[in-house]
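Heads up: the structure comes next, in structure tokens.
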Amino acid sequence: ITNITISRTSRFHESHDITKVTTSRKSRHHESHDITKVTISRLSRFNIKIKKMTDNALLPKKMTEYAAGYDIYSANVEDIILQPGKITMIPTGIAISLPINYEAQIRPRSGLAYKYQIGVLNSPGTIDADYRGEIKILMFNFGDENFIIKPQMRIAQMVIAKHEVANFIICDKLDNTKRENGGFGHS
């Protein structure tokens, strides 16, 4: 026996539809097995203006269809040696213009971190909507060996994220919670 339920579970980012399809199957032993498939259609897209500041700059690129991050490439013209325990600012040769209430988060690439112990020091770095300068990546070598950053190498990833604008209201007392002021190591 197979039952199929299709329901639209939510609408978000003004142009995503999420459809949830649940299939229930009863085996000959009368056990129910639910298989759920979530489909996202009409992916939200908007334009981001980008300026190539050097001839060898490459545009950010998604490596898979549903990847959250766009790979960012180095724009150095010669190899850069990143020594163990050292920090180096790597040029990307690009600048962007984001819509208001959006940021670009610069994050390390997991492959570089795992294979070579290379990371982005201030991760995630934030590119604000009003910044128009070249995006540079602050890379750190956590490993024990020199790491060579080749020209046009994938060095980081950029995730575009929406954020809210808040008003801070001064008050004498905050609402009580079970946690209260439990901080580092609390849980």
Side-chain angles (χ1 to χ4, degrees), residues 12-13 16 38 40 43-166 168 177 179-187:
F12 66 99
H13 284 288
H16 281 79
V38 176
I40 301 174
L43 291 174
S44 176
R45 296 198 186 265
F46 55 88
N47 295 327
I48 295 175
K49 292 180 182 176
I50 189 165
K51 178 181 177 183
K52 287 180 71 171
M53 302 179 84
T54 61
D55 290 336
N56 66 328
L58 296 177
L59 298 181
K61 181 180 178 183
K62 283 187 176 232
M63 300 312 286
T64 63
E65 184 179 6
Y66 297 118
Y70 293 83
D71 281 358
I72 300 280
Y73 298 84
S74 64
N76 44 307
V77 291
E78 296 179 0
D79 289 356
I80 296 174
I81 297 174
L82 182 53
Q83 297 176 354
K86 298 295 181 183
I87 303 166
T88 302
M89 187 87 66
I90 307 297
T92 64
I94 59 170
I96 58 175
S97 174
L98 292 166
I100 295 171
N101 284 21
Y102 281 85
E103 66 166 326
Q105 297 176 359
I106 305 301
R107 301 178 182 184
R109 292 190 57 239
S110 60
L112 289 180
Y114 178 70
K115 294 176 186 173
Y116 307 104
Q117 297 78 52
I118 302 300
V120 175
L121 193 57
N122 62 327
S123 179
T126 296
I127 308 299
D128 294 307
D130 57 352
Y131 178 68
R132 296 296 180 269
E134 179 182 8
I135 296 173
K136 294 183 180 181
I137 310 300
L138 190 58
M139 299 190 75
F140 185 80
N141 186 344
F142 292 94
D144 297 326
E145 298 179 13
N146 285 343
F147 181 76
I148 298 173
I149 299 167
K150 300 275 188 193
Q152 298 184 327
M153 181 178 189
R154 293 186 300 154
I155 57 170
Q157 56 182 323
M158 178 173 65
V159 174
I160 307 301
K162 188 170 181 144
H163 66 84
E164 300 299 326
V165 177
F168 292 95
T177 68
R179 180 176 179 174
E180 286 301 317
N181 62 351
F184 293 102
H186 171 73
S187 58

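Note that the coordinates shown come from a computational prediction; the quantities given were computed from them, not determined experimentally.
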Task: Heavy-atom closest pair, residues A75 and T54 - done: CB-OG1, 3.9 Å
- [ ] Search all heavy atoms of P151 against all heavy atoms of S74 and return the closest pair with its distance.
- [x] C-OG, 3.8 Å
Task: L59 side, atom CG; I50 side, atom CD1 - distance, nearest 0.5 Å - done: 5.0 Å
- [ ] Kindly write out the residues that satisfy side-chain contact (heavy atoms from CB on, under 4.5 Å) with R154, not counting sequence neighbours, or none if the list is empty.
- [x] M63, D71, Y73, R109
Hey, can you pull the donor-acceptor pairs under 3.5 Å for the side chains in residues 141-149, sequence neighbours left out?
unit_1 : atom_1 : unit_2 : atom_2 : d
N141   : OD1    : G143   : N      : 2.8
N141   : ND2    : L82    : O      : 2.9
N141   : ND2    : E145   : O      : 2.8

Task: Reported CD1-to-CD1 distance for the pair I135 and I94, which is rounded to 0.5 angstrom - done: 4.5 Å
Open item on the list: If I take atom NZ from residue K51 and atom CD1 from residue I96, how far apart are they, to the nearest 0.5 angstrom?
Closed with: 13.5 Å
TODO: Output all residues satisfying side-chain contact (heavy atoms from CB on, under 4.5 Å) with K62, sequence neighbours left out; order by chain, then residue number.
DONE: Y70
Report, one line per pair, each donor and acceptor closer than 3.5 Å where one atom sits in a side chain of residues 113-130; sequence neighbours left out.
unit_1 : atom_1 : unit_2 : atom_2 : d
Q117   : NE2    : Y114   : O      : 3.3
T126   : OG1    : E103   : OE1    : 3.1

Task: Distance, nearest 0.5 Å, that separates CD1 of I106 from CD1 of I72 - done: 5.0 Å
Task: Interatomic spacing from CE in M139 to CD1 in I80 - rounded to 0.5 Å - done: 9.5 Å
Task: Over all atoms of both residues, closest heavy-atom pair of A161 and Q105 - done: CB-NE2, 3.7 Å
Task: Closest approach of F46 to P99 (non-hydrogen atoms, all atoms of both residues) - done: CE1-CG, 3.6 Å
- [ ] Spell out, as yes or no, whether a donor-acceptor pair under 3.5 Å connects the side chain of N76 to the backbone of P91.
- [x] no
Open item on the list: Going by salt bridge (charged side-chain N to carboxylate O under 4.0 Å, His left out), name the pairs with one or both residues in residues 72-94, residues two or more places apart or in two chains.
Closed with: D79-K150
Task: Pairwise distance CD1(I100) to NE2(H163) - rounded to 0.5 angstrom - done: 9.5 Å
Open item on the list: Using a 3.5 Å distance criterion without hydrogens, assess whether the side chain of K52 forms a donor-acceptor pair with backbone atoms of A57.
Closed with: yes
Open item on the list: For T92, give me all partners under side-chain hydrogen bond (donor to acceptor under 3.5 Å, both in side chains), at least two apart in sequence or on another chain.
Closed with: none
